[in-house]
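Heavy atoms only: backbone and side chains are in, while hydrogens, waters and symmetry mates are out.
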Amino acid sequence: QLLPFSLCCDLCSHQSAICAACLKQTVSLEPEIYSKYYNYDQLTDLLKSLAQKYANIANLTSIGRSVENRELWVMRITRDPTADGPGKPKFKYVGNMHGDETVSRQVLIYLLEYLLEKYGEEPRVTELVDSTDIYIMPSMNPDGFEKSKEGDCMGKDEGRNNAKNVDLNRSFPDQFEEIHVNAEEMPEVAAVMRWILQNKFVLSGNLHGGTVVASYPFDDSAAHDNEGTYSRSPDDALFRYLARVYAENNPVMKTGQPKCEENINETFKDGITNGAKWYDVAGGMQDFNYLKGGCLEITMELSCCKYPPSTQLKTEWDNNREALLAYMEKVIHIGVRGFVRAARNDAPLADAVIMVAGINHKVSTSRFGDYYRLLLPGTYNITVLAPGYVWYIFMRENCMCGFYILRTVLWFSYIIWLGLGKNIEDSRVTVQPQDFRHHHYNDMELFLQKFSSEYSSITRLYSIGKSVQERSLWVMEISNNPGVHEFGEPEFKYIGNMHGNEVVGRELLLNLIDYLCRNYGTDPEITQLINSTRIHIMPSMNPDGYEVSQEDISGVQGRNNTNNYDLNRNFPDRFNFVTDPRQPETLAVMNWAKSYPFVLSANLHGGSLVVNYPFDDSPDNVSIYSKSSDDDVFRMVALAYSQENSQMYDGHSCKGMDLYQEYFKDGITNGAEWYNVHGGMQDWNYINTNCFEVTIELGCYKYPPAADLPKYWERNRRSLLQFIHQVHRGVKGVVIDSKDGFGIPNATITVDTINHPITSNVAGDYWRLLVPGKYHLTASAQGYSSVSTFVNVPKEGVEIVNFTLNRIHSYTNGQTTEDTTPVLDPSVKEFQSLIKQLSGESGLDKLIKDTPTQSSFRYRRYSEVSEFLRGLTLNFPEITSLQSLGQSVEFRTIWALEISNNPKVQEPSEPKIRFVAGIHGNAPVGTELLLEFAASLCINYGKNAAITRLINETRIVILPSINPDGRELAKEKDCTSTAGKTNVHGKDLDNDFFEPQPETRAVMDLIQERGFTLSVALDGGSVLVTYPYDKPVQSVENADTLRYLATVYANHHPKMHSGDTGCPNSQMGTIPNGVLRAAEWHSHMGSMKDFSVDFGHCPEITVYTSCCLFPPAEMLPTLWAENRKSLLSMLVEVHKGVRGVVKDKNGKPIVGAIIVLNGGVRVFTSEGGYFHALLAPGLHNIEAVADGYQQQSQKVSVSPFEAASSIIIEFDMENDIFGLPRELVVASAAAAMTALVVTACIIWCVCSAKSNRQKDGFHRLQQHRDDYDDEIRLMSMGSKKSLLSHEFQDESESDQDTLYTNKL
């Protein structure tokens, strides 16, 4: 007899098993037949019905949507499934990640049906559901499944990838390869990543198809060998055990011989394999789970046939049912579990870190303080660490319980109470450095290479440049994810040995590297510091100076670099112009500091004992306290160091040595109050980057004996660590775009009481050091509305403050309007996302990595250039078109190659970019670079998605050689020869755009087509970029934009942006950012770039690619590598700025309308009313003018990372006529016409009266007049015919006409 529904619900609150039995009666479901596949709609209906029927233990949610807007369903199965609470480990299964691997989808449907139906009936299932929080996702790729075909065992049909053709199991962030997750390309991956990171899953299984084996991490290796490389994780033994649990319970898998038709002889010992050893998979989900989610996941391949006939489903379910259950049970059966609570009030501590000695993998507590750490039986030292609390270590004794008995619980539970603590010097045993000696350069280099090799999982050794004597400036990065900026993680740097004879800092930093590496994973403080901070250590900034220095107390030998310049007087200064040439060591550090989002830094010196903080100089060059805006912060971080060094904190720096008996209160001092230093590194860091830097004087002996080094280490060890901890003070967070959810790069974060803004990193994350207190913060960015908030900075730790900004679409009549842009076509939105991605950190680096070139570089003469260009058009006819612009004096063709998806069709809506080289025949590097550039674009079209899309959306025109005659005369390996510079008439073509030669006339005609958005010219003889004008004018209307475009090119060049050309006999010295107005370099008239700006209305920059005009061919690969990224950046940049359409009220496009930018520069609308103009980032005024229409104006915001702001300008008819209002003129005209008509009527009446009286007298005359009129009419017709016959006649004679006349 059935229970009433209301009674059933009442019982539900008391006994879940009774409720399960009751609810089965309320929703009827057809029994499972195990012989059909469920499509998306059927799956959705089934899951909803099951969730309704088993509401007491099942809850259905969607974690996101697919590309085609299908829900990513997850069924949560546990007792009380809508509530979160402690005490139940989270487990998940994910299926159908590859849409055509369908067995996983079906067996997970059968599994969740089995768990729901058997709950309350089978004790095993009831225990599992009651004690575990189970999540089952039957299909991660529902779009791919819908495209797949039953019976396709090999996956030949579409369906494996998502609807954007992305392989979801190659798209997760990877430890060995940089992979960008584009939420628009792969929303499924983004959703699952978010799901993983928001839930602290303990164990997981990812179900696939194509063979029968259980695969475990790691899935790839650093070498990325195709197969055969065992990539061992820290939990390798545990992973092997978990994989065996599944394999041993699958009758096919446990044989290790799947006997799949595709690879009949493939075997797997015990039915398991290491992923990378089987084959290398970068971007796999199981590794991401382990490394980023703290969750152990293996991949189960369930069947040889990916999409077998539905008649095989019952067999697959039978093969996998026991394995699925047995694997789930491991989450509650092995390891340690428990709670972490505060000792003072028993409050749960979230995100406390659980570390196991000897296993470099951490897990953390949930918000309820509970933790779960899967472990094999054994004895372990387990450390628990929570910020602001005393760390705790306990030992887990060896467990002798039945390890292979499935339902024997092996969990051991602990409750750990942590006490509050601060700067505790504990009694734990740490490994101290043992090798104290002075390391010369070769010795130091070997030391760094040794530690980089031995601790490769947490270190990366890299060079930021070279010294004058070509010694590498080495930096050791120490991080739990070396080589990668982890979102939200601050970056820190130490620099030593800036003065070559001040050596203590050099040795201390080598000691610190030793200490951090050896104690990672065993010492909780070190482990937490490395896990939460990206640490960069440069032991020696002046290795040349060190090599000539010697043991001395206060000498100067070796202080300066090889060129005898003091590196700490060589940085740009805010008060004094530093006239000394910028040194290679200085430039390398400046570039380094601007390349990483450093937050805090220290520069280690010697000669005193004090921490010195900004500012280092004063306006009047007197010793006076020169306070920075962040004086309180600098004092805080300086004290953090000095307080841990008792001798320094005492304040008496050099007792018995200092004649003046210097005293520094608390061991710290303001730099300028001590003595003035112009051109110092710490001030430059603070003013020019987001990094706060101090200078630490480590002792009175600059080069002490090696025997004293252990004492220096002991005095400074705690200080060095405590100073790194300071990077985690103040506030941090992310600035987010409300529209697309991406981080906003270069957003400005200001504090109302501190005049020192900082900016967000390329991913939108930021860090702002502050002393404890209450602050008012504002985040702003170009093109966005600002957002402000109040924040309380705690005494310990960091406060997280995130900002979400709304885009400003335009400014109309002085009022800002929020972005109300209509929903974009998905293709347009996708392209905008690509531009943003390529503009971000490593976007172009990844593109270059994905599109390697294999050319054999050499110089080509004219005939070979022509053959090469024709070869491109023959091999890539669908995207190339070759056009002759004209001929040189000696009749060589001036070629123009167009690359686009419709090269012979005018597409005014697309930006058009021009690349030009060879205007000087003696500088042929640009020609070879452009030929290689053209080839790389063509070869990667259709193969690389980004290159393909850029070509589809851009019209690229390449002129590889304007002066082919001069090129034939030029001499290879001659760096200064002028042979070939001019054309054969002796004309410098770059001075000849007023009285043109044949070559320049050809180019002028192309420029005057006016369709170009940007032009880039390549030349030689230096390493810099110049922008208009070449002519000596006082100002340039759009100088900011022109300078910005030049800067974009230089910033993507590894050397150019440093400003040091490195060219012998260079008279310019250091060029800021490698960019210069052309007239400031070589002023002259008649240049191509000036003509392009004035007559083509197109900005042009000139890139000087090498110091040598005609370098050896062996240099071409290097020059290509240096310029390739910059050339690609121009293809990205041409899609920025502002673009739009001008039309009238009826929607008719207006061609030839003038677009005035910021009251100066003009561009014209083309066919279709389109216009596009490049602009520097910022707010710009746009005015549109057209005859007969009212002038329109808007303000638009341009971002350095976004595709062009698109606007629509609608014209009203001109309201004024002759300067008067249209209504007044029309009314006056109407009145005048009325008066005229009335007057005419009166005259007609009078004339009629007179005519009647005289009519008879004129009767005869009228008859003769009619005859006369007829004659006149005939004559007139003949005259008109004669005129028409000559209307379109050419007055010039043709050659044939002349010949005919001569014969007569």
Exercise. Supply the atom-to-atom distance Ser233 OG to Phe239 CZ, rounded to the nearest 0.5 angstrom.
Key: 5.0 Å

Quiz item: Taking C-beta and beyond as the side chain, do Arg124 and Lys118 meet within less than 4.5 Å on heavy atoms?
Solution: no

Exercise. Could you tell me whether a side-chain N or O of Trp317 sits under 3.5 Å from a main-chain N or O of Leu111, the two making a donor and an acceptor?
Key: no

Quiz item: Do side-chain atoms of Thr78 reach the backbone of Val129 as a donor and acceptor pair under 3.5 angstrom?
Solution: yes

Quiz item: Within the distance-only criterion (no hydrogens, no angle test), does the side chain of Thr365 pair as donor or acceptor with the backbone N or O of Leu349 below 3.5 angstrom?
Solution: yes

Quiz item: For residues Glu301 and Thr211, is any side-chain donor paired with an opposing acceptor at under 3.5 Å?
Solution: no

Quiz item: Looking at Pro348 and Arg341, what are the two nearest heavy atoms and their distance?
Solution: CA-CG, 4.2 Å

Quiz item: Are Phe451 and Arg518 side-chain neighbours, meaning at least one heavy-atom pair lies under 4.5 Å?
Solution: yes

Self-check item: Heavy-atom side-chain proximity of Ser366 to Lys90 below 4.5 angstrom
Solution: no

Quiz item: Heavy atoms, side chains only, cut-off 4.5 Å: are Phe288 and Pro173 in contact?
Solution: yes

Exercise. For residues Met328 and Leu128, determine if any side-chain heavy atom of one lies less than 4.5 Å from a side-chain heavy atom of the other.
Key: yes

Quiz prompt | Exercise: identify the closest heavy-atom pair between Ile77 and Leu115 | solution = CD1-CD1, 4.2 Å

Quiz prompt | Any residue meeting salt bridge (charged side-chain N to carboxylate O under 4.0 Å, His left out) with Asp270, in chain and number order, not counting sequence neighbours | solution = none

Quiz item: Does a donor on one side chain and an acceptor on the other come within less than 3.5 Å for Asp236 and Tyr230?
Solution: yes

Practice problem: Compare every heavy atom of Phe368 with every heavy atom of Phe339, then report the nearest pair and how far apart it is. | Solution: CD2-O, 3.9 Å

Quiz prompt | Criterion side-chain contact (heavy atoms from CB on, under 4.5 Å) on His361 and Leu238, from CA distance to verdict | solution = CA-CA 12 Å; His361 179 70; Leu238 177 58; over 6 Å; no

Quiz item: Does a donor on one side chain and an acceptor on the other come within less than 3.5 Å for Tyr119 and Asn56?
Solution: no

Quiz prompt | Evaluation steps, side-chain contact (heavy atoms from CB on, under 4.5 Å), between Ile537 and Leu516 | solution = CA-CA 11 Å; Ile537 299 175; Leu516 292 174; 4.3 Å; yes

Quiz item: Rounded to the nearest 0.5 Å, how far does CG of Asp318 lie from OH of Tyr110?
Solution: 10.5 Å

Self-check item: Which atom of Ala214 lies closest to which atom of Ala243, heavy atoms considered
Solution: CB-O, 3.8 Å

Practice problem: Ignoring hydrogens and angles, state whether a donor on the side chain of Glu122 or Tyr114 is under 3.5 Å from an acceptor on the partner side chain. | Solution: yes

Self-check item: Nearest heavy atoms of His208 and Glu101, plus distance in Å
Solution: ND1-OE1, 3.1 Å

Exercise. Ignoring hydrogens and angles, tell me if any N or O in the side chain of Arg337 forms a donor-acceptor pair with the backbone of Gly87 under 3.5 Å.
Key: yes

Quiz item: So does Asp84 pair up with Arg76, basic N to acidic O under 4.0 Å?
Solution: yes

Quiz item: Taking atom CG of Asn319 and atom CG of Asn249, what is their separation to the nearest 0.5 Å?
Solution: 12.0 Å

Practice problem: Would you check if Leu203 and Tyr327 make a side-chain contact, meaning some heavy-atom pair closer than 4.5 Å? | Solution: yes

Quiz item: Between the side chain of Tyr290 and the main-chain N/O of Ile298, is any donor-acceptor distance below 3.5 Å?
Solution: no

Self-check item: Parallel, tilted or perpendicular: ring planes of Tyr93 versus Phe91, cut at 30 and 60 degrees
Solution: perpendicular

Quiz item: Are any side-chain N or O atoms of Glu477 and backbone N or O atoms of Arg534, one a donor and one an acceptor, separated by less than 3.5 Å?
Solution: no

Quiz prompt | Taking every non-hydrogen atom, the tightest pair across Pro86 and Asp370 | solution = CA-OD2, 3.5 Å

Quiz item: So, does Asn96 use its side chain to make a donor-acceptor pair with the main chain of Pro138 at under 3.5 Å?
Solution: no

Self-check item: Straight-line distance of Leu529 CG to Ile724 CD1, nearest 0.5 Å
Solution: 5.0 Å

Quiz item: Has the side chain of Asp219 got a donor or acceptor atom that lies under 3.5 Å from a matching backbone atom of Gly283?
Solution: no

Exercise. Identify, with sequence neighbours excluded, every residue that meets salt bridge (charged side-chain N to carboxylate O under 4.0 Å, His left out) alongside Arg194.
Key: none

Practice problem: Side-chain contact test, heavy atoms from C-beta onward, threshold under 4.5 Å: evaluate it for Val192 versus Met97 and give yes or no. | Solution: no

Exercise. Report the C-alpha separation of Glu525 and Arg718 in whole Å, then their side-chain angles, then the decisive distance to 0.1 Å, and conclude whether the salt bridge (Lys or Arg N to Asp or Glu O under 4.0 Å) test is met.
Key: CA-CA 11 Å; Glu525 180 188 19; Arg718 286 301 312 161; 2.8 Å; yes

Quiz item: Any salt bridge between Arg373 and Asp235, counting N to O under 4.0 Å?
Solution: yes

Quiz prompt | Approximate separation, where rounding is to 0.5 Å, of Arg240 CZ and Thr273 OG1 | solution = 12.0 Å

Quiz item: Are the side chain of Ser364 and the backbone N or O of Asp351 linked by a donor-acceptor pair below 3.5 Å?
Solution: no

Practice problem: May I ask you to check whether Tyr515 and Arg717 show a side-chain donor-acceptor distance below 3.5 Å? | Solution: yes

Exercise. Tell me, please, which residues at least two apart from Tyr520 pass side-chain hydrogen bond (donor to acceptor under 3.5 Å, both in side chains).
Key: Asn360, Asn531

Quiz item: Are Asn250 and Met300 side-chain neighbours, meaning at least one heavy-atom pair lies under 4.5 Å?
Solution: no

Practice problem: Apply side-chain contact (heavy atoms from CB on, under 4.5 Å) to the pair Phe172 and Lys292, showing each step before the final yes or no. | Solution: CA-CA 10 Å; Phe172 283 79; Lys292 298 298 182 183; over 6 Å; no

Exercise. Check the pair Asp133, Tyr135 against side-chain contact (heavy atoms from CB on, under 4.5 Å), reporting the backbone distance first and the verdict last.
Key: CA-CA 7 Å; Asp133 204 356; Tyr135 296 78; 3.2 Å; yes

Practice problem: Calculate, to the nearest 0.5 Å, the distance between atoms OG1 and NZ belonging to Thr527 and Lys362 respectively. | Solution: 9.0 Å

Quiz item: Can any side-chain N or O of Asn481 pair as donor or acceptor with the backbone N or O of Val484 at less than 3.5 Å?
Solution: no

